[in-house]
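Accompanying notes for the structure given below.
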Amino acid sequence: MAGKTSKKSAKVAKKTAAKRVAAKAAKPRKAVAKSSDHMSASKRIDKKIADLGDWRGERLAEIRTLIHEVDPEVVEEWKWMGTPVWSHEGMYALANAHKDKVKLTFFHGAELPDPKKLFNAGLEGNTWRAIDFRKGDKIDKTALKALLREALAYNTRHSVPKSKGSRA
């Protein structure tokens with residue numbers, strides 16, 4: 001008898017979960033960038049840097065400058081409700097300002113050579129690797145540029161999924 005009860009409970013739980021999923025899917029999703037909002041990704045990144053107004057904004061601006069120096073054809077994107085993303089034949093880096101750090105994440109960082117050991121976060125992951133910059137840290141510009149070049153080379157050598165999100 002206990003076996004029948006547990007089977008019945010599992011069926012009820014499945015149906016309830018299916019109803020929740022269906023109800024959630026039926027709700028219209030808010031668009032990240034509305035058609036009336038014509039601010040480009042680059043302008044949004046400018047605004048984010050300005051709004052930070054502290055060392056994190058300065059660090060994000062410095063990282064962005066290095067990316068543009070290495071990749072003059074970079075495409076700046078605005079994703080995930082406020083994340084600057086840099087693409088070239090696919091996304092290769094993103095940056096986020098946190099309370100105590102600026103995190104620069106490489107989408108295929110686990111595949112990139114890092115002879116200067118810049119990666120200090122996400123080391124256990126199979127794909128992504130990151131560099132956490134904290135207040136007062138100095139950027140090894142030569143090493144970071146080399147790592148950015150490796151990320152670009154990786155994207156051009158491999159079939160990296162292209163961005164599907166808004167570039168606005």
Side-chain angles (χ1 to χ4, degrees), residues 29-168:
R29 294 178 58 189
K30 291 181 182 176
V32 175
K34 295 184 172 123
S35 59
S36 63
D37 185 3
H38 297 293
M39 190 182 298
S40 71
S42 294
K43 289 190 188 298
R44 288 174 188 242
I45 296 169
D46 290 340
K47 184 174 177 350
K48 183 175 187 98
I49 289 168
D51 288 350
L52 285 167
D54 59 10
W55 68 271
R56 297 170 303 153
E58 292 170 10
R59 184 54 40 96
L60 186 56
E62 189 176 7
I63 290 167
R64 183 186 194 195
T65 298
L66 292 172
I67 290 170
H68 280 273
E69 286 175 11
V70 168
D71 183 9
E73 297 175 15
V74 67
V75 175
E76 291 191 320
E77 299 181 73
W78 188 256
K79 300 216 179 259
W80 306 298
M81 297 183 297
T83 301
V85 176
W86 293 276
S87 298
H88 188 129
E89 295 193 35
M91 298 181 289
Y92 63 88
L94 66 87
N96 281 310
H98 298 271
K99 183 178 179 180
D100 62 340
K101 65 188 170 206
V102 173
K103 181 180 285 287
L104 177 62
T105 304
F106 288 77
F107 286 91
H108 300 283
E111 302 294 329
L112 305 179
D114 181 23
K116 297 291 186 177
K117 305 290 184 214
L118 294 180
F119 290 130
N120 60 12
L123 302 176
E124 65 285 342
N126 293 329
T127 306
W128 297 38
R129 293 283 187 276
I131 305 169
D132 287 346
F133 295 102
R134 300 194 184 278
K135 188 175 185 176
D137 287 351
K138 299 285 184 221
I139 293 179
D140 182 341
K141 292 179 183 180
T142 304
L144 182 55
K145 283 182 172 184
L147 196 54
L148 288 164
R149 283 187 199 95
E150 289 292 340
L152 285 168
Y154 181 89
N155 275 20
T156 57
R157 288 190 313 261
H158 296 85
S159 179
V160 176
K162 304 301 181 250
S163 176
K164 293 177 185 168
S166 169
R167 292 173 189 223

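In this chain, numbering begins with 1 at the start of the sequence shown.
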Look up atom [atom1] in [X] and atom [atom2] in [Y], then write down how far apart they are to the nearest 0.5 Å.
| X | Y | atom1 | atom2 | value |
| --- | --- | --- | --- | --- |
| Leu123 | Lys117 | CG | NZ | 9.5 Å |
| Arg56 | Ile49 | CZ | CD1 | 12.5 Å |
| Arg129 | Leu118 | CZ | CG | 13.5 Å |
| Asn96 | Trp80 | CG | CH2 | 9.0 Å |
| Ile131 | Asp140 | CD1 | CG | 9.5 Å |
| Leu104 | Leu148 | CG | CG | 6.5 Å |

Original post:
For Arg149 and Lys145, what are the C-alpha separation, side-chain angles and deciding distance, and is it a side chain to side chain contact (heavy atoms under 4.5 Å, CB included)?
Top reply: CA-CA 6 Å; Arg149 283 187 199 95; Lys145 283 182 172 184; 3.7 Å; yes

Original post:
Parallel under 30°, tilted from 30 to 60°, perpendicular over 60°: which one fits the rings of Phe119 and Phe106?
Top reply: perpendicular

Closest heavy-atom pair and its distance - [X], [Y]:
| X | Y | answer |
| --- | --- | --- |
| His108 | Tyr154 | CG-CE2, 3.3 Å |
| Gly125 | Ala110 | O-CB, 4.3 Å |
| Ala97 | Leu52 | CB-CD1, 3.7 Å |
| Trp55 | Lys135 | CH2-N, 3.3 Å |
| Ser87 | Asp71 | O-OD2, 4.3 Å |
| His88 | Val74 | ND1-N, 4.5 Å |

Original post:
Residues in side-chain contact (heavy atoms from CB on, under 4.5 Å) with Asp132, at least two apart?
Top reply: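 Applying side-chain contact (heavy atoms from CB on, under 4.5 Å) to Asp132 gives Lys101, Lys103, Asn120, Ala121, Arg134.
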
Original post:
Does Glu62 have any side-chain contact (heavy atoms from CB on, under 4.5 Å) partners at least two apart in sequence or in another chain, and if so, which?
Top reply: Arg59, Ile139, Lys141

Original post:
Do other residues, nucleotides or ligands put more than 12 heavy atoms under 6.0 Å from the CG atom of Asp100?
Top reply: yes

**OP:** Dump the intermediate steps for side chain to side chain contact (heavy atoms under 4.5 Å, CB included) on Trp78 and Lys48, then the final yes or no.
**Re:** CA-CA 11 Å; Trp78 188 256; Lys48 183 175 187 98; 3.9 Å; yes

**OP:** Determine whether His68 and Glu76 make a side-chain contact, defined as any pair of heavy atoms from C-beta on separated by less than 4.5 Å.
**Re:**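 Side-chain contact under 4.5 Å: yes.
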
Original post:
With a 4.5 Å heavy-atom cut-off, do Glu77 and Trp86 have their side chains touching?
Top reply: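 Glu77 does not reach Trp86 side chain to side chain.
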
**OP:** Mind checking salt bridge (Lys or Arg N to Asp or Glu O under 4.0 Å) for Asp46 and listing every partner two or more places apart, or none if nothing turns up?
**Re:**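 Arg64.
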
Original post:
Checking side chain to side chain donor-acceptor pair (under 3.5 Å) for the pair Glu89/Thr156: CA distance, chi angles, key distance, verdict?
Top reply: CA-CA 6 Å; Glu89 295 193 35; Thr156 57; 5.7 Å; no

**OP:** Dump the intermediate steps for side chain to side chain contact (heavy atoms under 4.5 Å, CB included) on His158 and Glu111, then the final yes or no.
**Re:** CA-CA 11 Å; His158 296 85; Glu111 302 294 329; over 6 Å; no

**OP:** Start with the C-alpha gap between Val85 and Thr83, add the side-chain angles, then the distance that decides, and say whether side chain to side chain contact (heavy atoms under 4.5 Å, CB included) holds.
**Re:** CA-CA 6 Å; Val85 176; Thr83 301; 4.2 Å; yes

